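Note that the structure is a prediction, hence the values are computed from the model and not measured.
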Amino acid sequence: MPSNDARNLAQAAVPTAAVGVLAAVVSAIVAGGEGAIGAVVATVLVTLFMGIGLYVLQRTAKSAPQLFMMMGLMLYAAQLLLMVVFMAAFKNTTLFNPRAFALVLVIATLTWIAAQTRAHMKAKILYVEPDKTGQPS
C-alpha cells in the first residue's frame, strides 16, 4: 500500500479506535461488561468493514478510475447492509449488550466517515500528473 493510502487509512482508523476505547469505557460504566464487549465488537466491525472498503476503493481508483464513483456508492451501501445484517443476527445475543453495540456502531461509523473526509480534504493529491522530464508538452 503506498504511503498516501496508508496515511489515509491511519487517519481514519486512529480516531475511530480512540472513540471506540472511550465508548467501551462509557459502556462498561453504564451497561457493565456486556456493554464494553459490545462497544469493542462494534468498533472492530466498523474498522474492519470500512478499512476493507477503503482498500477496495483505492485499488479501484488506480485500476479503473471510471468506476470510482459507482464503486464508492456500492461499497457504502454494502457496508451499511452488512452492518444491519450483523445487528439483526445478534439482536438477542447474551454475549454483549445489543444497545451499546448498536449505539457504538453508529458512532464509530460516523467517526470513520468524518475522519476519512478530513483526511481526504487535507491530502495533497495532484489533479494532473506532472511530466517526468520537467519539460512542458
**Request:** Enter the distance from Asn8:CG to Lys122:NZ here, rounded to the nearest 0.5 Å.
**Result:** 12.5 Å
**Prompt:** Taking all atoms of both residues into account, what is the closest heavy-atom pair of Leu45 and Leu105, and its distance?
**Reply:** CD2-CD1, 4.0 Å
**Prompt:** Does Ala61 have any side-chain contact (heavy atoms from CB on, under 4.5 Å) partners at least two apart in sequence or in another chain, and if so, which?
**Reply:** Phe68
**Asked** Rest of the hydrophobic cluster containing Val30 (Ile/Leu/Val/Met/Phe/Trp/Tyr, side-chain heavy atoms under 4.5 Å)?
**Response** Val26
**Prompt:** What residue pairs, at least two apart or across chains, pass ring-ring contact (aromatic ring centres under 6.0 Å, His included) with a residue in residues 7-44?
**Reply:** none
**Request:** Kindly write out the residues that satisfy side-chain contact (heavy atoms from CB on, under 4.5 Å) with Gln116, not counting sequence neighbours, or none if the list is empty.
**Result:** Ala12, Leu54, Tyr76, Trp112
**Gap between atom CZ of Phe49 and atom CG of Leu75 - 0.5 Å precision** = 12.0 Å
**Fill in**
Residues passing the side-chain contact (heavy atoms from CB on, under 4.5 Å) test with Leu22, sequence neighbours excluded, are none
**Request:** With rounding to the nearest 0.5 Å, note down the distance linking CD1 in Ile52 to CG in Leu57.
**Result:** 13.5 Å
**Asked** When clusters are formed from ILVMFWY side-chain contacts under 4.5 Å, directly or step by step, what else is grouped with Ile29?
**Response** Val25
**Request:** Calculate, to the nearest 0.5 Å, the distance between atoms CE and CG belonging to Met87 and Leu82 respectively.
**Result:** 13.0 Å
**Request:** Check Val104 against Ala42 and note the closest heavy-atom contact, atom names and distance.
**Result:** CG1-CB, 3.9 Å
**Item:** Gap between atom OG1 of Thr111 and atom CE of Met50 - 0.5 Å precision
**Value:** 10.0 Å
**Complete:** Excluding Val106, membership of its hydrophobic cluster (Ile, Leu, Val, Met, Phe, Trp, Tyr; side-chain heavy atoms within less than 4.5 Å) reads Leu110
**Prompt:** In the hydrophobic cluster built from side-chain contacts under 4.5 Å, what are the other members alongside Val19?
**Reply:** Leu103, Ile107
**Prompt:** Mind checking what makes ring-ring contact (aromatic ring centres under 6.0 Å, His included) contact with Phe86, not counting sequence neighbours?
**Reply:** Phe90, Phe101
**Asked** Do Leu9 and Gln58 touch side chain to side chain, with heavy atoms closer than 4.5 Å?
**Response** no
**Message:** Test of understanding: with side-chain hydrogen bond (donor to acceptor under 3.5 Å, both in side chains), list the residues that count as partners of Gln79, not counting sequence neighbours.
**Reply:** none
**Prompt:** Listed by chain and number, what are the side-chain contact (heavy atoms from CB on, under 4.5 Å) partners of Ala24, not counting sequence neighbours?
**Reply:** Ala39, Val40
**Prompt:** Can you get from Val84 to Leu48 by hopping between Ile, Leu, Val, Met, Phe, Trp and Tyr side chains that sit under 4.5 Å apart?
**Reply:** no
**Prompt:** What pairs meet the side-chain hydrogen bond (donor to acceptor under 3.5 Å, both in side chains) rule with one or both residues in residues 17-41, with sequence neighbours excluded?
**Reply:** none
